[in-house]
> 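My questions will all concern the structure given below.
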Amino acid sequence: MMDASLQKKIVKQYYRARIENQKNEYLHPSYQLEQKLITAIKLGNEKEAISTLKEINKQKRAKLANNTLRSLKNSLIGSCTIFTRAAIQGGLHPESAYNLSDVLIQEIESMDDPAKLEEFEINMIYTFIRELKNEQLPKYTNIVMQTISYIHEHILHELSLEKIAKDLYIHPSYLSNIFKKETGTTVSNYINQKKIEESKYFLLHSELSISDISNLFRFCNQSYYTALFKKYTGVTPKDFRELNHQNES
């Protein structure tokens, strides 16, 4: 239960903020506009989402801190939270959405130019919608969806058909058959593809060695990781990292 003195303080600040907003003739963006934005992101409609965000931003932003820059950053963090929930509602896996949100918020904190922060808010929408379209899952049966969610949530752990089947209380043979029938690939192949896809983030955004990344994703050795990476992407992890760093230069 909230401490009584803290509750009094919050109520007092709430009324003070209401009075200040009324004096300054400030109104928060309408709930309808916010819902319009959420729906556009859920549906992957970039044009509608950006248009609605710009309509919202025509209004003065709420004061969320005494420091102007801090207030703007807090506003963008709030936007990021809304975009995250909208993307999840649209079909983006929650863990993927939360990881992306973490990265975007860290980026917000690293920026000090108000104009670039305003532009970054728009870029966040593009990023969430892109990820939503990339990872949006087809409608599988419940057991296959549970398996996919399990793999996503335990991607840095030891994973196998037997381990997943045991934890989901399913017979391995049944899981193997239904997964292959619905997805067109084996559980093992799906695990490897997902691990390779997730490892790209560490190649691009960390200083970890390729050997360390291989260990992080529980591959038996770096050579096997490199061979799988080339199988699924056409290039080695080293080439992938170097090519993308060159493009950023």
Side-chain angles (χ1 to χ4, degrees), residues 41-44 84-104 127-206 208-241 244:
I41 294 173
K42 278 169 56 179
L43 297 176
T84 303
R85 299 297 186 275
I88 291 171
Q89 290 174 32
L92 183 61
H93 190 277
E95 194 61 26
S96 298
Y98 294 141
N99 284 333
L100 178 56
S101 174
D102 292 345
V103 171
L104 293 172
T127 303
F128 272 109
I129 290 178
R130 183 194 66 213
E131 290 303 309
L132 175 59
K133 289 179 177 177
N134 285 343
E135 198 180 298
Q136 209 163 28
L137 299 173
K139 295 299 180 186
Y140 298 126
T141 56
N142 188 47
I143 191 57
V144 172
M145 292 298 291
Q146 283 184 50
T147 303
I148 290 172
S149 290
Y150 184 99
I151 292 169
H152 288 199
E153 290 167 13
H154 298 82
I155 199 65
L156 297 181
H157 299 176
E158 292 282 357
L159 286 170
S160 67
L161 170 65
E162 290 72 22
K163 165 69 173 167
I164 297 168
K166 181 182 177 183
D167 287 353
L168 295 181
Y169 304 102
I170 313 159
H171 195 281
S173 295
Y174 175 71
L175 177 57
S176 176
N177 290 335
I178 194 170
F179 194 92
K180 177 73 183 293
K181 180 181 178 182
E182 292 192 23
T183 68
T185 189
T186 64
V187 171
S188 176
N189 193 48
Y190 186 88
I191 290 169
N192 285 333
Q193 285 181 306
K194 186 62 182 173
K195 282 180 179 284
I196 294 301
E197 192 62 34
E198 291 290 323
S199 75
K200 289 179 182 178
Y201 172 83
F202 292 89
L203 289 168
L204 294 177
H205 303 292
S206 82
L208 288 175
S209 68
I210 292 171
S211 176
D212 286 340
I213 294 172
S214 172
N215 290 332
L216 180 68
F217 283 90
R218 307 295 182 96
F219 289 108
C220 55
N221 55 55
Q222 183 179 334
S223 297
Y224 181 61
Y225 169 55
T226 297
L228 273 180
F229 195 97
K230 189 167 184 179
K231 174 185 175 182
Y232 292 123
T233 69
V235 295
T236 65
K238 182 174 181 289
D239 290 341
F240 178 82
R241 175 175 262 174
N244 281 277

> State the CD-NZ distance between Gln89 and Lys42, to the nearest 0.5 angstrom.
5.0 Å
> When rounded to the nearest 0.5 angstrom, what is the spacing between NZ in Lys195 and CD1 in Ile213?
13.0 Å
> Should Tyr190 and Thr147 be marked as a side chain to side chain contact (heavy atoms under 4.5 Å, CB included) after you check the CA-CA gap, both sets of side-chain angles, and the distance that decides it?
CA-CA 10 Å; Tyr190 186 88; Thr147 303; over 6 Å; no
> Can you tell if the side chain of Tyr224 reaches within under 4.5 Å of the side chain of Leu228, non-hydrogen atoms only?
yes
> Tell me, do Ile151 and Ile155 make a side-chain contact under 4.5 Å, heavy atoms counted?
yes
> Can you tell me how far CG of Asn134 sits from OG of Ser96, rounded to the nearest 0.5 angstrom?
10.5 Å
> Whether the side chain of Ser149 engages the backbone of Met145 through a donor-acceptor N/O pair (distance < 3.5 Å, no angle test) should be reported.
yes
> Tell me, do Gln193 and Ile196 make a side-chain contact under 4.5 Å, heavy atoms counted?
no
> Donor-acceptor pair, Arg241 side chain versus Leu203 backbone, under 3.5 Å?
yes
> Carefully, step by step, assess Ile88 and Tyr98 under the rule side chain to side chain contact (heavy atoms under 4.5 Å, CB included).
CA-CA 9 Å; Ile88 291 171; Tyr98 294 141; 3.7 Å; yes
> Give the C-alpha distance, both sets of side-chain angles, the deciding distance and a yes or no for side chain to side chain contact (heavy atoms under 4.5 Å, CB included) between Phe179 and Thr185.
CA-CA 7 Å; Phe179 194 92; Thr185 189; 4.2 Å; yes
> Hey, could you give me the CZ/CD1 distance between Arg218 and Ile191, rounded to the nearest 0.5 Å?
13.0 Å
> Grab the two heavy atoms, one from Ser101 and one from Thr84, that are nearest each other, plus how far apart they are.
CB-OG1, 3.3 Å
> With sequence neighbours left out, what residues match Glu197 under salt bridge (charged side-chain N to carboxylate O under 4.0 Å, His left out)?
Lys200
> Would you confirm whether the ring centroid of Phe202 sits within less than 6.0 angstrom of the ring centroid of Phe217?
yes
> Can you name the closest pair of heavy atoms from Ala87 and Ile41 and give their distance?
N-CG2, 4.1 Å
> If you measure from CD1 on Ile164 to CD1 on Ile170, what distance do you get to the nearest 0.5 Å?
9.0 Å
> Minimum heavy-atom separation for Phe229 and Val235, please, with both atom names.
CD2-O, 3.1 Å
> To the nearest 0.5 Å, how far apart are NZ in Lys238 and CD1 in Ile210?
7.5 Å
> Glu162 vs Lys166, test: salt bridge (charged side-chain N to carboxylate O under 4.0 Å, His left out). Steps then yes/no.
CA-CA 6 Å; Glu162 290 72 22; Lys166 181 182 177 183; over 6 Å; no
> Can you establish whether the number of heavy atoms outside Tyr232 located under 6.0 Å from its atom OH is more than 12?
yes
> Yes or no on side chain to side chain donor-acceptor pair (under 3.5 Å) for Tyr225 and Ser199, after CA distance, side-chain angles and deciding distance?
CA-CA 10 Å; Tyr225 169 55; Ser199 75; 2.8 Å; yes
> With heavy-atom distances below 4.5 Å as the criterion, would you say the side chains of His152 and Glu198 are in contact?
no
> For Lys163, give me all partners under salt bridge (charged side-chain N to carboxylate O under 4.0 Å, His left out), at least two apart in sequence or on another chain.
Asp167
> Can you tell me which residue pairs pass the salt bridge (charged side-chain N to carboxylate O under 4.0 Å, His left out) test with a partner in residues 180-193, sequence neighbours excluded?
none
> So do the side chains of Ile129 and Lys133 get within less than 4.5 Å of each other, counting heavy atoms only?
yes
> Show the nearest heavy-atom pair for residues Leu132 and Gly44, with the distance to one decimal.
CD2-N, 4.4 Å
> Stepwise, does the side chain to side chain contact (heavy atoms under 4.5 Å, CB included) test hold for Ile178 with Tyr140?
CA-CA 10 Å; Ile178 194 170; Tyr140 298 126; over 6 Å; no
> Answer yes or no: is there a donor N or O on one side and an acceptor on the other, between the side chain of Asn177 and the main chain of Ser173, under 3.5 Å?
yes
